[in-house]
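Beneath this line is the structure, given in structure tokens, with notes to follow.
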Amino acid sequence: MENLNPYHIAQMQFDQAADKLGLNSWMRDFLKTPDRNVSVDFPVKMDDGSIKIFAGYRVQHNNTRGPYKGGLRFSPEVNLDEVRALASWMTWKTAVVNVPFGGAKGGVVCDPRKLSTCELERITRRFTYEIRNVIGPDVDIPAPDVNTNAQVMTWIVDTYSMWNGHSEFRVVTGKPTFLGGSYGRAEATGRGVMVAAMKAVKDAGLEPQDLTAVIQGFGNVGSHTARLLAEQGVKIIGISDISTAIHNPDGIDVQDVEAYLKKNKVLEGYDKAQHIRPKEKVLELKTDILVPAALENQITSANAGNVDCRFIVEGANGPTTPDADRILKKKGILVIPDILANAGGVTASYYEWVQNVQREQWPYEKVVTKLEKKLVQAYNDVRDLAEREDVDMRIAAYMIAIGRVAKATEARGVFP
Ligand code: GLU
């Protein structure tokens, strides 16, 4: 049986690249493990007057190249090993696109679907208070992730600001545009996925108008990816969300799906496409571009053999396991790895933080132009190294990222 522990997987991926780089053993041990694992348990008053205890984590993996950076997720599946893996992927992600941040991740074990807005607010505020001493605008900067959004970021800003006695917007990114947020941040991860997909398409000598795409997950990443790919002329033939998966070989109207979701919250009941059950089978539809944009461990040794596409562009973090990678490689499917493909989000976060530091707000066009230029550069670097070293793009991306962090570590030396 394949080991699906994300921390184990992250370390396997790290080792493959570290072997290629010939990294010495102390550097390996240092870069492999997080700097700090913060675990908190805290009480929150529920709407019915009862009190519940919640568990939360903030893992700071590495800050050699700049402040710790990474999202905060709310989900019943959150656990320390998952957060540790996600934190290390953030270090490699910021390094591969070369933004001056390190890597971190946080999470609270809770099911937002079963909580009222007031309960979510109290959980967010108390969690922020619990981790107040380890986050900060120059220390560790959280951002949205699974089930968190601009409203959650605003509660964090407010709580942190109240505790500090002055308004501090730089402490998180992914804020609303009227409160220190950046134009283009909300769609940035999806835009990055689209840019990566279009690069792969162009390199293969294909035209987007001739291609189809399937999107697994229709949250912040999947929905913007679907819309932006459709704008490029790609036909979206499959979409899944938490409730179901839909398929229409003639194409799905993404705007219509968005309008339906606005009203109905979930895709279940959408009647302009066929429903696929179980919904995970959406990953096995025949298509050109497959975008897993949900959670970890979606393409594994159990289903990789049935995946039928040319390109996999990882919108989610960790959607493909190492065993699946091997199977996909044999099948000739090009996998554009998460730390490159979904780096648009953290890149726009960096731009948001820079705007906050400068007390400025850039126009949307400026953010988009800078973002696309940075991602294209990173894509070219990874692709070229993959060709030169005859490795897949995941290992190449890790090699670039680990190489950058190792070089910075070497130069800074060891304290004291
Ligand atoms: N949660 C996003 C990610 O996994 C964004 C992190 C950020 O902007 O700091 O990349």
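Counting starts at 1 for both ligands and their atoms, following the listed order. On a predicted model such as this, the values are computed, not experimentally measured, just so you know. Numbers for residues simply follow the sequence, beginning at 1.
Neither the backbone nor the side chain of L86 comes within contact range of ligand 1; no heavy atom lies under 4.0 Å.
In this structure, the protein non-hydrogen atom closest to atom 10 (O) of ligand 1 is K93 NZ, 2.7 Å. Protein heavy atom at the shortest distance from atom 7 (C) of ligand 1 is A143 CB, 3.3 Å. Here the heavy atom of the protein found nearest to atom 5 (C) of ligand 1 is R185 NH2, 3.6 Å. Protein heavy atom at the shortest distance from atom 9 (O) of ligand 1 is K69 NZ, 2.7 Å. Considering only non-hydrogen protein atoms, atom 1 (N) of ligand 1 sits nearest to D145 OD1, 2.7 Å. Scanning all protein heavy atoms for the shortest distance to atom 8 (O) of ligand 1 gives S349 OG, 2.5 Å.
Evaluated by nearest non-hydrogen atom to atom 2 (C) of ligand 1, the leading choice among A316, P144, A343, G344 is P144.
Remark: the backbone N or O of D288 is paired with a side-chain donor or acceptor of T212 at under 3.5 angstrom. Of the possible polar contacts, none joining the Y351 side chain to the V367 backbone as a donor-acceptor pair under 3.5 Å is found. Under a 3.5 Å cut-off, the side chain of K175 and the backbone N or O of F169 do form a donor-acceptor pair. Between the side chain of N164 and the backbone N or O of H166, no donor-acceptor pair lies under 3.5 Å.
Ligand 1 lies within reach of K105, whose nearest heavy atom is under 4.0 Å from it. Note on ligand 1: E352 sits outside its first shell, no heavy atom being nearer than 4.0 Å.
Between R28 and D19 there is a salt bridge, since at least one side-chain N of the basic residue sits less than 4.0 Å from a carboxylate O of the acidic one. Under the 4.0 Å criterion applied to side-chain N and carboxylate O atoms, K52 and E119 are not assigned as salt-bridge partners.
Each of L334, L283, L290, I289 was scored for a side-chain contact (heavy atoms from CB on, under 4.5 Å) with I312, with one residue passing: L290.
Below 4.0 Å from some heavy atom of M90 lie the following atoms of ligand 1, by number and element: 3 (C), 4 (O), 6 (C), 10 (O). Close approach of ligand 1 to G70 is summarised as follows: ligand atoms under 4.0 Å from at least one heavy atom of the residue are 9 (O).
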query = Step by step, would you call L23 with L31 a side chain to side chain contact (heavy atoms under 4.5 Å, CB included)?
reply = CA-CA 10 Å; L23 220 60; L31 298 185; 4.3 Å; yes
